[in-house]
Amino acid sequence: MNSNRFGTLSPMPVRTRFAPSPTGFLHIGGARTALYNWLYAKKHGGEFVLRVEDTDAARSTDESQSIILDGLRWLGLEWDEGPEAGGDHGPYYQSQRGEIYERYFEKLKEKDLVYEDNGAVRFRVPDKEIVVDDQICGQVTVNLKETGSTRWDAEAKKEVEANPDIVIRRPDGSFIFHFVNVVDDIEMGITHVIRGEDHLSNTPKHIALYEAFGADLPTFAHIPLNLNKDGSKMSKRDQGALIHEYIENGFLPEAVNNYMALIGWSSGGDRELYFSLDEILADFDLSGVNASNSKFDYDKCKWMNAEHIKALPADKFKEVSSSFIEKAGIDPTDARVPASLELARERSETLADIAKIITPIFTDELAYDQPSVDKVTGKDGISTVVTALADHLEKNSEWKGDAIKASIQAAADSLGQKMGAFMLPCRVAATGSTAGADLVPMLELIGQKRVVERIRNFGTTFLS
RNA sequence: GACCCGUUCGUCUAGCGGUCUAGGACUCCGCCCUUUCACGGCGGCAACACGGGUUCGAGUCCCGUACGGGUCGCCA
């Protein structure tokens, strides 16, 4: 086992871990914990371990595990050891580590630190002050014997007598989280335990276990929690809570990492944008992690994604948007795609927005936005305006930006009106909405014949 | 309820005793750019939870109160 933990002259290699339970989705809080662990390990030339805590057989599922692993990979948080990666400290599923747990359980038995209670097994907690020396929260002192001697009965709303000794094994022989978590961290040589602050109060129990096993303590760092905007706990139902939704909604992993890193951590300066994990890595330090909880702001996350989209090189931009434009029914190999993407880029917060903006370029089956249509058709003389637009655009002999603009101008001149009054009707007739990318380049990409058809069609559909 | 952690603009934060009439970012508002919509530029609104100390001097250190969060499972 970990002989390198003792008597070595060189500093112990840093090993961090992320230990999800495959009972649900990859949550933004969990992903951020994984990110901090990954960053810390990489920052110190160490290793990042993934361990699946599937001791709850009834609730653990393969689907859940796939979602969590896929999410981590999407974010770029590759693990050095763990499921599908292997390593010298496996197995990396708790459900397969029974023999190891038995061995550690025997150690406690030999020291007479466990006893049976109603079929379950309890671990005797020491009657002394245990100090958690936390990298973020400072020194936290707790006496388990004292604090555990009473319990809050939520239903009766009163304190009741309790056994401070913690249950580590169920009557069916399976082991409890606190026990397996500590055993695995010892066995896997984890040097730094970075996890959510909800575990801070559990840490004295873990320390008692480390001491009972005669193992060295890892360094603990409890990071503050992310809450909803209203201060409540984030749950799966909340916007922005689930990593797979970021994937589906057209976020870039770099942007999500950027946002997660900055909620609860700061390099100390004003820097807001980090375009890669490497950039974050250069600045990351546990000392920059805040001690207070933070509230999740989806708007800022979207803004950050928009900034990342703007900064993307053209080829990479095309690559990451392809699945979204395909989903919108656009052929990604269409020659007009690159130019279309650039038109949409500056006004998109997500890749899904991109597809939405450029769709009118590629399909003639426009989804006319009713308020937009009403805004245009409500004007006096709109029929003649639309007809003039179609006539002049049809006569255009050079379908290029300035020439198209000149045609619109000519249409306006023919009725003695200003060009500005013609832009909106033209936009709605040709694209279906008052909102969208620059009109003239859009018309150019749609093509002369189809633009004229759409405008005439608009006239017959809405103005007759 | 007990124990633990926390508290700077609505939100994310900078600030580690004097440089703070508290800086940046998101949101919101206004102006400019633009013959659409955005982007961009400029500007504006907006915070040191409260009360005591310590100190020549406190957003920064200490104590208390209030508020928020967490833990108190044979869940992880």
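Every chain is numbered from 1 and lettered A, B, ... according to where its sequence line falls, protein lines coming before strand lines. Reckoned from all heavy atoms, side chains included, excluding hydrogens, waters and symmetry mates.
- Where A:Gln139 and A:Phe296 each meet RNA chain B at their nearest nucleotide, the meeting point lying more 5' is that of A:Gln139.
- Residues passing the side chain to side chain contact (heavy atoms under 4.5 Å, CB included) test with A:Arg450 are A:Arg336, A:Asp364, A:Ile446, A:Arg454, sequence neighbours excluded.
- Among the atoms of the strands shown, only primed sugar atoms or phosphate atoms (P, OP1, OP2) are found under 4.0 Å from some heavy atom of A:Lys310.
- A donor-acceptor pair under 3.5 Å is formed between the side chain of A:Arg15 and the backbone N or O of A:Met188.
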Q. A:Arg97 and A:Glu187: salt bridge (Lys or Arg N to Asp or Glu O under 4.0 Å), yes or no, with the steps?
A. CA-CA 11 Å; A:Arg97 310 188 110 244; A:Glu187 276 287 301; 5.3 Å; no

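- Sorted by residue number, the members of residues 263-274 of chain A with any non-hydrogen atom under 4.0 Å from RNA chain B read A:Ile263, A:Gly264, A:Ser266, A:Gly268, A:Asp270, A:Glu272.
- Protein atom CD1 of A:Ile354 is 12 Å distant from nucleotide atom C1' of B:A38, rounded to whole Å.
- Within the 4.0 Å cut-off from OP1 or OP2 of B:A76, at least one side-chain nitrogen or oxygen of A:Arg170 is found.
- The side chain of A:Arg151 places an N or O atom within less than 4.0 Å of a non-bridging phosphate oxygen (OP1 or OP2) of B:G73.
- Between B:C9 and B:G51, the distance separating the two C1' atoms is 23 Å to the nearest Å.
- When the options A:Leu343, A:Ile357, A:Leu341 are evaluated for a side chain to side chain contact (heavy atoms under 4.5 Å, CB included) with A:Ser348, the one that passes is A:Ile357.
- Using a 4.0 Å heavy-atom cutoff across all strands shown, A:Gln409 reaches at least one base atom of the nucleic acid.
- Residue A:Asn143 is out of contact with every strand shown, counting any heavy-atom pair closer than 4.0 Å.
- Taking a 6.0 Å sphere around CD of A:Glu161, one finds it holds 12 or fewer heavy atoms contributed by other residues, nucleotides or ligands.
- Scored by the ring pair (Phe, Tyr, Trp, His ring centres under 6.0 Å) test, A:Phe324 finds no partners at all (sequence neighbours excluded).
- Across all strands shown, A:His178 has heavy atoms under 4.0 Å from base atoms, whether or not it also approaches the sugar-phosphate.
- Across all strands shown, nothing is found opposite B:C33 as a Watson-Crick or G-U wobble partner with both distances under 3.5 Å.
- Closest-nucleotide positions on RNA chain B for A:Lys418 and A:Ser348 were compared, and the one nearer the 5' end corresponds to A:Lys418.
- Closest to the side chain of A:Asp299, out of B:U27, B:C75, B:U35, is B:U27.
- Looking at residues two or more places apart in sequence or on another chain, you find a ring pair (Phe, Tyr, Trp, His ring centres under 6.0 Å) between A:Phe177 and A:His199, A:His206.
- Between B:G23 and B:A14, the two C1' atoms lie 6 Å apart (nearest whole Å).
- Counting to the nearest Å, the C1' atom of B:C26 and the OH atom of A:Tyr298 are 15 Å from each other.
- Atom CG of A:Asn258 is separated from atom C1' of B:U13 by 14 Å (rounded to the nearest Å).
- Rounding to whole angstrom units, NZ of residue A:Lys302 and P of B:U11 are separated by 19 Å.
- Taking atom C1' on both nucleotides, B:C50 is separated from B:G68 by 15 Å, rounded to a whole Å.
- The A:Trp303 side chain lies nearest to B:C26 when the options are B:C26, B:C3, B:U35.
- In this structure, the nucleotide among B:C3, B:U35, B:A76 sitting nearest to the side chain of A:Met419 is B:U35.
- The separation of B:A58 from B:G18, taken at their C1' atoms, amounts to 10 Å, rounded to a whole angstrom.
- Pair assignment for B:C20 gives none, since no Watson-Crick or G-U wobble pairing has each distance under 3.5 Å.
- When ring centroids are compared, A:Phe179 and A:Phe123 stay outside the 6.0 Å threshold.
- Ion pairing between A:Asp117 and A:Arg169 fails under the 4.0 Å rule for side-chain N and carboxylate O.
- Nucleic acid contact for A:Glu53: sugar-phosphate only, since backbone atoms but no base atoms lie under 4.0 Å from a heavy atom of the residue.
- To the nearest angstrom, P of B:U34 lies 10 Å from NZ of A:Lys405.
- In this structure, A:Asn290 reaches the B:U13 phosphate: one of its side-chain N or O atoms is under 4.0 Å from OP1 or OP2.
- Salt bridge annotation for A:Lys128-A:Glu211: present, with a cationic side-chain nitrogen under 4.0 angstrom from a carboxylate oxygen.
- Regarding A:Ile28, its CD1 atom lies at a distance of 14 Å from the P atom of B:C12, rounded to whole Å.
- With ring centers used as reference points, A:Tyr368 lies under 6.0 Å from A:Phe458.
- Under the Watson-Crick or G-U wobble criterion, with both distances below 3.5 Å, B:A58 is left unpaired in every strand shown.
- Taking the six-membered ring wherever Trp is involved, the centroid distance between the rings of A:Phe284 and A:Trp265 falls below 6.0 Å.
- Summarising the base pairing, B:C3 is matched to B:G70 through a Watson-Crick or G-U wobble pair whose two defining distances lie under 3.5 Å.
- When all heavy atoms of A:Ala430 and A:Leu366 are compared, the pair lying nearest together is O-CD1, 3.4 Å.
- Using C1' as the reference atom, B:U71 and B:A47 are 31 Å apart when rounded to the nearest Å.
- A distance of about 11 Å separates the C1' atoms of B:C63 and B:U54, rounded to the whole Å.
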Restricting both atoms to N or O, compile the protein contacts to nucleotides 42-50 of chain B shorter than 3.5 Å, with distance only.
none

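- For B:C75, there is no paired nucleotide, since no Watson-Crick or G-U wobble pair has both relevant distances below 3.5 Å.
- Aromatic ring centres of A:Tyr259 and A:Phe251 lie farther apart than the 6.0 Å criterion allows.
- If you check every strand for non-hydrogen atoms under 4.0 Å, A:Ala291 touches sugar and phosphate atoms only.
- Across the strands present, B:G64 finds its partner in B:C50; the criterion is a Watson-Crick or G-U wobble pair with both atom distances under 3.5 angstrom.
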Filtered N/O pairs between nucleotides 66-71 of chain B and protein, under 3.5 Å:
residue	atom	partner	partner atom	Å
B:G69	O2'	A:Asn293	ND2	2.9
B:G70	N2	A:Ser201	OG	3.4

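- Within 4.0 Å of A:Thr55, counting heavy atoms only, lie sugar-phosphate atoms of the nucleic acid but no base atom.
- Other residues, nucleotides and ligands place no more than 12 heavy atoms under 6.0 Å from the CG atom of A:Asp402.
- In this model, the phosphate group of B:G1 is not approached by any side-chain N or O of A:Trp152 to a distance below 4.0 Å at OP1 or OP2.
- Remark: the separation of the C1' atoms in B:A22 and B:C48 is 8 Å, to the nearest Å.
- For the P atom pair drawn from B:U60 and B:C45, the interatomic distance equals 25 Å after rounding to whole Å.
- As rounded to whole Å, 17 Å separates atom C1' of B:A76 from atom OH of A:Tyr93.
- Of the nucleotides present, B:G44 is the one that pairs with B:C28 by Watson-Crick or G-U wobble criteria, both distances under 3.5 Å.
- Looking at A:Arg17 and A:Glu53, no side-chain N of the basic residue comes within less than 4.0 Å of a carboxylate O on the acidic one, giving no salt bridge.
- Straight-line distance from the CZ atom of A:Phe220 to the C1' atom of B:C4: 15 Å, rounded to whole Å.
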